[in-house]
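Data first, discussion second: the structure below is written as structure tokens.
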Amino acid sequence: MATVKAQLARGVRDFDPEFLNRRKWLFSQLEEAFMRYGFLPLETPAIELNQTLQGAYGEEGDRLIFRILNSGQYLESLTDEDWTAARSGQINRFTRLVTEKALRFDLTVPFARYVSMNRGNMVFPFKRFQMQPVWRADRPQRGRYREFYQCDADLIGSECLSSEAQMVALYAEVLGQLGFPSACVRISHRKILSFMAEALGLSSQSRAFMVQLDKLDKSGKESMSTYLTEQGVSTEVQKAWWILIEAQPAPPELLALLLQFSSITQSDLPASIMTELETLTHYIEALRVPSSFYRFDLSLARGLDYYTGFIFEVDSGVKGMGSVGGGGRYDNLTASFGVDGLSGVGISFGVERILDLMIEQNLFGDIPIPAAKVLMATTEPDSMHNLLACAQELRTQGIKTDLYAGDPKPKKIFQYAEARQIPVVAILKTKAERELQFVLKRLTDSAHIQVKPQEIQDWVQGNKPWNTQ
RNA sequence: GUGAUCGUAGCUCAGCUGGUUAGAGCGCCUGAUUGUGGUUCAGGAGGUCGUCGGUUCGAACCCGAUCUUUCGUCCCA
């Protein structure tokens with residue numbers, strides 16, 4: 001028989017029971033937190049139509065979408081012209097002709113599609129969370145895969161700043177619980193960034209300005225200064241701007257700095273910004289978020305351009321490791337589907353990175369191991385039916401019971417129990433007697449005892465003392 | 001997308017400037033020992049050297065292609 005080499009596709013992983021136990025635990029923590037804040041679960045299909053995803057991520061994003069080849073005689077409809085175009089390298093045109101479906105690239109666009117399709121039956125404001133894998137045809141690197149989980153929560157259909165405030169509280173609560181005491185939500189505002197661009201005389205290229213700003217922590221202060229000088233920003237104005245960027249004070253002082261910058265540059269600071277900053281701060285305080293868990297940081301820009309209001313990014317507090325989440329307010333998530341006027345706030349947890357960090361920082365210390373409490377086994381072939389009956393009795397008592405399939409040597413039984421982290425082994429001895437007897441042995445200290453079948457649960461649950469000799 | 005890089009037993013790796021039957025440790029299997037498992041001892045199995053092609057009398061080793069890994073870059077989680 002011909003065999004194939006057992007091999008994984010590039011950039012994807014298997015998940016072993018130990019890893020899955022941790023991931024499931026993390027996801028359950030997140031799920032409980034979302035539910036506590038009134039978010040409901042939503043899932044969308046792995047497969048979306050090309051038209052839904054096309055163009056939503058820019059030209060470079062398009063290239064990273066995994067396409068699904070059409071079924072059937074999909075080449076029949078191609079004209080000579082199509083073939084000529086394909087041979088001359090017009091691969092995009094060809095791709096459009098032979099694929100109409102693709103794997104989802106993120107959770108935001110499918111969510112926008114869902115809201116657009118179902119808005120008639122939905123009650124707004126609508127809150128959902130979603131934890132599902134997404135696929136990207138990117139080149140894999142450490143911590144970056146072609147299949148990975150995203151975890152998003154959105155509140156759509158309200159402009160109230162209580163949404164932003166609760167998102168900040170949610171971040172603080174979850175990361176605190178998971179064991180990141182130094183985590184911090186950085187908060188900025190797209191309108192402040194626009195105001196800054198305008199005040200610097202860069203309003204015609206505010207996009208480029210924000211890209212530069214977003215890269216500040218990587219490319220450094222000097223390259224930012226060079227950029228500003230190239231754009232004709234005077235050193236005096238630059239100096240005032242750096243104060244604004246680097247100060248990171250809480251709103252009363254932040255507002256003062258903004259006003260100061262506004263007067264130096266003779267530009268208008270929109271009044272709405274000032275009230276929004278104050279209101280958000282009050283709301284966050286009302287939610288009793290410790291002040292160490294958030295700070296206003298106007299150097300935060302974020303790459304995605306659909307944000308229109310407050311934006312967030314979460315620093316894990318572990319040095320050298322960057323962001324573990326981010327989000328912000330958007331005004332027109334569903335505009336591309338012809339639905340206007342839905343403002344919302346979305347946040348995302350970088351669950352893959354959080355998992356890596358928690359494993360690295362040893363934060364999974366005492367989560368429960370899903371192992372069975374007792375391993376039932378026998379070395380006698382004729383005893384299997386009795387063994388099965390006893391195991392089933394324990395299971396009806398709610399005790400997690402594993403059963404060694406077969407009648408192996410004792411060595412095998414104990415090695416199995418040890419590998420599976422099962423604390424107690426129960427070996428059935430029938431012998432000539434009519435009554436069934438089990439030898440119970442506790443693996444940690446080799447304490448052992450002979451018991452009747454109906455007594456097993458008492459010992460397994462620790463209700464009776466072990467003979468430790 | 002782009003530049004480099006890695007690939008030898010289940011795992012971690014040796015393997016000299018190309019030269020007979022490719023090695024070690026750990027793990028695995030068998031037997032003995034053992035408090036019915038953990039210790040110790042003895043023995044054993046397992047590799048077309050990532051894949052395909054080329055150079056050569058001869059390739060794990062040299063050359064090419066391809067796949068995979070890791071590291072930059074683009075972008076992002």
Side-chain angles (χ1 to χ4, degrees), chain A residues 2-14 16 23 26 56-65 89 91-92 104-109 130-152 211 214-215 218-219 301-305 312-316 321-327 346-357 375 377-380 404 407-429 431 437-450 466-469:
Chain A
T3 60
V4 290
K5 187 177 176 185
Q7 201 178 10
L8 282 172
R10 181 173 217 187
V12 297
R13 305 159 283 171
D14 291 318
D16 61 26
R23 187 169 77 192
L26 171 63
Y57 310 103
E59 208 171 306
E60 277 169 23
D62 264 9
R63 199 186 305 137
L64 301 180
I65 294 173
I91 199 70
N92 288 342
R104 71 168 164 254
F105 185 82
D106 72 359
L107 303 179
T108 306
V109 168
Q130 194 171 348
M131 295 190 269
Q132 289 187 278
V134 302
W135 293 268
R136 295 186 186 180
D138 206 354
R139 179 174 287 208
Q141 280 180 45
R142 184 172 61 97
R144 289 178 66 177
Y145 305 96
R146 295 182 131 184
E147 178 186 58
F148 60 94
Y149 270 86
Q150 282 198 335
C151 169
D152 284 13
V211 170
D214 194 43
K215 291 195 286 195
K218 259 190 183 172
S219 51
R302 287 188 69 72
L304 299 169
D305 51 5
F312 316 108
E313 197 155 296
V314 189
D315 187 36
S316 63
M321 300 303 277
S323 144
V324 289
I347 59 167
S348 172
F349 282 89
V351 282
E352 302 280 1
R353 186 174 276 184
I354 292 174
L355 266 169
D356 285 349
L357 276 174
L375 175 67
T378 182
T379 55
E380 307 160 0
Y404 195 102
D407 43 70
K409 296 188 173 180
K411 183 169 180 167
K412 286 295 229 175
I413 298 169
F414 284 95
Q415 283 177 351
Y416 178 94
E418 201 167 349
R420 291 290 187 319
Q421 297 185 274
I422 302 171
V424 176
V425 170
I427 298 179
L428 176 60
K429 294 278 181 192
K431 294 190 177 170
Q437 283 282 328
F438 277 90
V439 176
L440 286 191
K441 187 154 182 180
R442 189 163 64 181
L443 268 72
T444 46
D445 58 0
S446 293
H448 59 281
I449 192 146
Q450 279 217 354
W466 286 80
N467 170 18
T468 49
Q469 311 198 1

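What's counted below: heavy atoms across the whole structure, side chains too, no hydrogens, waters or symmetry copies. Every value quoted in this text rests on a predicted model; they were computed, and no experiment measured them.
When all heavy atoms of Pro408(A) and Thr378(A) are compared, the pair lying nearest together is CD-O, 3.7 Å.
Side-chain N/O atoms of Arg302(A) and base N/O atoms of C76(B) include no donor-acceptor pair closer than 3.5 Å.
Residue contacts shown for Gly58(A) are absent, as no nucleic acid heavy atom lies under 4.0 Å away. At the heavy-atom level, Tyr416(A) lies nowhere under 4.0 Å from the strands shown. Residue contacts shown for Asp106(A) are absent, as no nucleic acid heavy atom lies under 4.0 Å away. Within 4.0 Å (heavy atoms only), Arg136(A) reaches at least one base atom of the nucleic acid.
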Under a 4.0 Å heavy-atom criterion, the protein footprint on nucleotides 36-43 of chain B, written with B, S and -, is BBB-----

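Contact annotation: Arg10(A) does not reach the phosphate of C67(B) (side-chain N/O to OP1 or OP2, under 4.0 Å). Between G31(B) and Lys409(A), a contact under 4.0 Å exists linking OP1 or OP2 to a side-chain N or O.
Distance noted for atom C1' between A4(B) and C74(B): 16 Å (whole Å). Here the separation of C29(B) from U39(B), taken at their P atoms, is 13 Å to the nearest Å. Comparing C52(B) with A77(B), their C1' atoms are spaced 37 Å from each other, to the whole Å. Separating the C1' atom of G64(B) from that of U56(B) is a span of 16 Å, rounded to the nearest Å. Between G58(B) and G1(B), the distance separating the two C1' atoms is 43 Å to the nearest Å. Nucleotides A32(B) and G37(B) place their P atoms 12 Å apart, quoted to the nearest Å.
Rounded to whole Å, atom P of G1(B) lies 12 Å from atom CD of Glu60(A).
Along RNA chain B, the nucleotide nearest Val12(A) and the nucleotide nearest Tyr149(A) are compared for position; the residue whose nucleotide lies closer to the 5' end is Val12(A). Each of Arg142(A) and Phe349(A) has a nearest nucleotide on RNA chain B; the 5'-most of these lies closest to Arg142(A).
Base pairing of C26(B) is made with G10(B), judged by Watson-Crick or G-U wobble geometry with both donor-acceptor distances under 3.5 Å. Both distances falling under 3.5 Å, in either a Watson-Crick or a G-U wobble arrangement, place C62(B) opposite G54(B). Using N1 to N3 plus N6-O4 or O6-N4 for Watson-Crick, or N1-O2 and O6-N3 for G-U wobble, each under 3.5 Å, A45(B) pairs with nothing.
Distance check, rounded to the nearest 0.5 Å: NZ of Lys412(A) to NZ of Lys409(A) gives 10.5 Å.
Distance from the side chain of Gln141(A) is smallest for U73(B) among the nucleotides U73(B), U2(B), G1(B). Closest contact between the side chain of Gln7(A) and the listed nucleotides U2(B), C76(B), C67(B) involves C67(B).
A side-chain N or O of Ser348(A) and one of Asp152(A) form a donor-acceptor pair less than 3.5 Å apart.
A perpendicular orientation is assigned to the rings of Tyr416(A) and Tyr404(A), their planes being inclined by more than 60° (bins at 30° and 60°).
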